[in-house]
Enquirer: 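Below are the structure tokens for one structure; questions will follow.
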Amino acid sequence: MENYFKASVLSLPGYGAPPQEAPAAKLNQNESPFDLPAALKKEILDKALTLSWNRYPVNESPRLKEALAAWHQLAPEQILLGNGSNQLLQTILSGCTEPGEKILCCPPTFSLFELYIALYGGEALLVPRLPGSETPQAEIMTAIKTRQPKLILFCSPNNPTGSEFEVAFVEQVCDVSRGLVVVDEAYAEFSTQSFLPLLKQRKNLVLSRTFSKAFSMAGLRLGYLMADAEIIAQWRKVNLPYNINLFTELVGLTLLNHRALIEQQVQFIIRQREWLLAQMQQIDAIKACPSAANFILFSCPDGKALFAHLKGRGILVRDVSGYWGLENHLRVNAGSLLENQLFITALHEYYL
Ligand SMILES: Cc1ncc(COP(=O)(O)O)c(C=O)c1O
């Protein structure tokens, strides 16, 4: 393979996609437990039948950009669409990173950050930020001032810890950084905080969002970046043409007209997250972290054994013990009422 591939690819572990079989409770990928209502799916399918599938979609879907811009009170030129936000992360890195350039992130965080940094030959500047501890603001500031990373990748609410970066801190980071500050807000809809207002004040801030979580569209792949129009204009040159297919565009546009339904589902998920947290906090052996996302990180004395016990009952959670600093940690997302109850019952069986 050495003759064929670059060294950074050969040494990559690759993205370990978790199991996707449909068990009794699927709580391992932070998906929405709500599929779209059948009537809405039917309405979308009827519209899809009227489209010309033999033609390319209009590049960069201006209609979708306009709808998103109107929602967030931005200009359409401030939006870049992606085939999922993962694809946009790749666009960000391929547009900004020369080999050897420094990119700061705070592990444990979204696993694709380090994977793409390695793929594009960047040097990862890692400032650990452990669950349950304060943001290491001084360490992050020192790393930025002394090493001047080309890019800073934050995730807020952070996967897999569920904790957030403080808006005032990110504002200071934007001020001292000569590079771009990217905040992956894949779980923003489940939080009371957003960096959107800051976007209007800081030119080097970039926000990444997805329709995979709150909008129940993981299977259809739609994500978007929001940033200053001049910055977006550069990434438009890097992004693949026609990356948003006709069907994804149609579903995205439809859902933006059904925001009340999405909001109701988000509120349900937040209530379930809080219910799960309260239940888990009653079990002495477990230490569950409060979360601003749709999942909860927890530690236990015997992570692998508990994972196997849950799996044996058809309950899939995510084993995150391989993440930096997270030995014996698992992550569970808020699912349907039944799924959440099955999970808590299985925990009781195991520990009580
Ligand atoms: C922080 C974060 N960003 C992005 C994604 C992926 O989003 P998408 O489905 O839009 O590619 C995930 C998925 O789990 C995530 O946790």
Side-chain angles (χ1 to χ4, degrees), residues 14-20 26-33 35 61 64 68 79-94 103 105-117 129 131 151-165 170 181-191 193-195 206-226 239-240 243-245 248-249 251-252 255-256 262 269 273 289 291-297 316-320 322-324 326 329-335:
Y15 180 68
Q20 281 170 299
K26 186 167 182 320
L27 306 173
N28 64 341
Q29 284 190 290
N30 302 342
E31 297 152 318
S32 172
D35 198 351
S61 183
L64 201 44
L68 283 166
I79 312 263
L80 186 74
L81 300 175
N83 185 16
S85 60
N86 285 345
Q87 184 254 301
L88 290 167
L89 190 58
Q90 193 169 26
T91 293
I92 293 175
L93 279 142
S94 65
I103 301 175
C105 62
C106 297
T109 188
F110 188 38
S111 58
L112 279 192
F113 289 176
E114 280 194 63
L115 197 109
Y116 281 146
I117 295 173
R129 179 170 172 260
L151 261 181
I152 294 169
L153 300 177
F154 289 150
C155 182
S156 184
N158 184 43
N159 178 10
T161 59
S163 62
E164 299 187 274
F165 281 92
V170 172
V181 181
V182 178
V183 183
D184 184 334
E185 285 196 303
Y187 302 96
E189 291 86 354
F190 306 103
S191 159
Q193 171 184 293
S194 165
F195 294 89
V206 180
L207 303 181
S208 170
R209 296 255 182 125
T210 180
F211 275 64
S212 297
K213 312 296 175 183
F215 281 82
S216 302
M217 264 182 71
L220 295 173
R221 319 301 302 126
L222 179 61
Y224 58 103
L225 296 183
M226 297 180 279
N239 222 13
L240 276 182
N243 62 343
I244 306 300
N245 69 67
T248 296
E249 176 186 48
V251 183
L255 286 186
L256 287 174
I262 302 299
I269 293 167
R273 175 191 77 202
C289 306
S291 165
N294 64 345
F295 55 80
I296 292 173
L297 176 76
L316 279 187
V317 297
R318 187 71 170 257
D319 178 0
V320 289
Y323 282 61
W324 192 92
L326 295 186
H329 281 70
L330 301 174
R331 190 195 71 198
V332 61
N333 68 256

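Counting starts at 1 for both ligands and their atoms, in listed order.
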Enquirer: Do Asn239 and Gln87 have side-chain heavy atoms sitting under 4.5 Å apart?
Expert: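 Yes, their side chains come closer than 4.5 Å.
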
Enquirer: Nearest protein heavy-atom contact for atom 6 (C) of ligand 1: which residue, which atom, what distance?
Expert: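 For this ligand atom, the closest protein heavy atom is Asn86 OD1, 3.2 Å.
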
Enquirer: Which option wins on minimum heavy-atom distance to atom 10 (O) of ligand 1: Leu222, Thr210, Leu89?
Expert: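 Answer by nearest heavy atom: Thr210.
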
Enquirer: Using a 4.0 Å heavy-atom cut-off, say whether Asn159 meets ligand 1 through its side chain, its backbone, both or neither.
Expert: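 Answer for Asn159: side chain.
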
Enquirer: Can you tell me if Ser191 and Glu164 form a side-chain donor-acceptor pair at under 3.5 Å?
Expert: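 Yes, side-chain donor-acceptor contact under 3.5 Å.
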
Enquirer: Nearest protein heavy atom to atom 9 (O) of ligand 1, by residue and atom, and its distance?
Expert: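 Here the closest protein heavy atom is Ser212 OG, 2.6 Å.
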
Enquirer: Taking 4.0 angstrom as the limit and counting only heavy atoms of Gly84, give me the atoms of ligand 1 inside it, by number and element.
Expert: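 Reading through ligand 1 atom by atom, the close ones are 10 (O), 11 (O).
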
Enquirer: Between Thr109 and Asn158, do the side chains contain an N or O donor and an N or O acceptor separated by less than 3.5 Å?
Expert: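 Note: Thr109 and Asn158 side chains meet the donor-acceptor criterion.
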
Enquirer: Provide, to 0.1 Å, the distance between atom 13 (C) of ligand 1 and the closest protein heavy atom, together with that atom's residue and name.
Expert: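 That would be Lys213 NZ, 3.1 Å.
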
Enquirer: Does the side chain of Leu222 come within less than 4.5 Å of Leu64's, by heavy atoms?
Expert: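 They are in contact (side-chain heavy atoms under 4.5 Å apart), so the answer is yes.
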
Enquirer: Nearest protein heavy atom to atom 7 (O) of ligand 1, by residue and atom, and its distance?
Expert: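 Looking only at protein heavy atoms, the one closest to atom 7 (O) of ligand 1 is Ser85 OG, 3.0 Å.
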
Enquirer: Got the closest protein heavy atom to atom 5 (C) of ligand 1, with its distance?
Expert: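 Looking at atom 5 (C) of ligand 1, the protein heavy atom closest to it is Phe110 CZ, 3.5 Å.
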
Enquirer: Cut-off 3.5 Å, side chains only: do Asn294 and Tyr187 have a donor facing an acceptor?
Expert: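 No.
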
Enquirer: Pull out every atom of ligand 1 sitting under 4.0 Å from any heavy atom of Cys155, numbered as shown with elements.
Expert: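 Going through ligand 1 atom by atom, the ones under 4.0 Å from Cys155 are 1 (C).
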
Enquirer: With a distance cut-off below 6.0 Å to the six-membered ring centre and an angular limit of 45° from the axis, does Arg209 pair with Phe215 as a cation-pi contact?
Expert: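 Here Arg209 fails the 6.0 Å and 45° test against Phe215.
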
Enquirer: Got the closest protein heavy atom to atom 3 (N) of ligand 1, with its distance?
Expert: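 Answer for atom 3 (N) of ligand 1: Asp184 OD2, 2.7 Å.
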
Enquirer: Return the minimal non-hydrogen interatomic distance between Cys289 and Pro131, and the atom names on each side.
Expert: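 Of all heavy-atom pairs spanning Cys289 and Pro131, the closest is SG-CB, 4.0 Å.
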
Enquirer: If you count the atoms of ligand 1 from 1 in the order shown, which ones are under 4.0 Å from a heavy atom of Tyr187?
Expert: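 Once the distances to Tyr187 are compared, the set is 1 (C), 13 (C), 14 (O), 15 (C), 16 (O).
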
Enquirer: To which protein heavy atom is atom 11 (O) of ligand 1 closest, and what is the distance rounded to 0.1 Å?
Expert: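 Its nearest protein heavy-atom neighbour is Arg221 NH2, 2.7 Å.
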
Enquirer: Going by distance alone, is a donor N or O of one side chain under 3.5 Å from an acceptor N or O of the other, for Asn243 and Arg221?
Expert: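 On atom types as modelled, these side chains do not qualify, holding no pair under 3.5 Å.
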
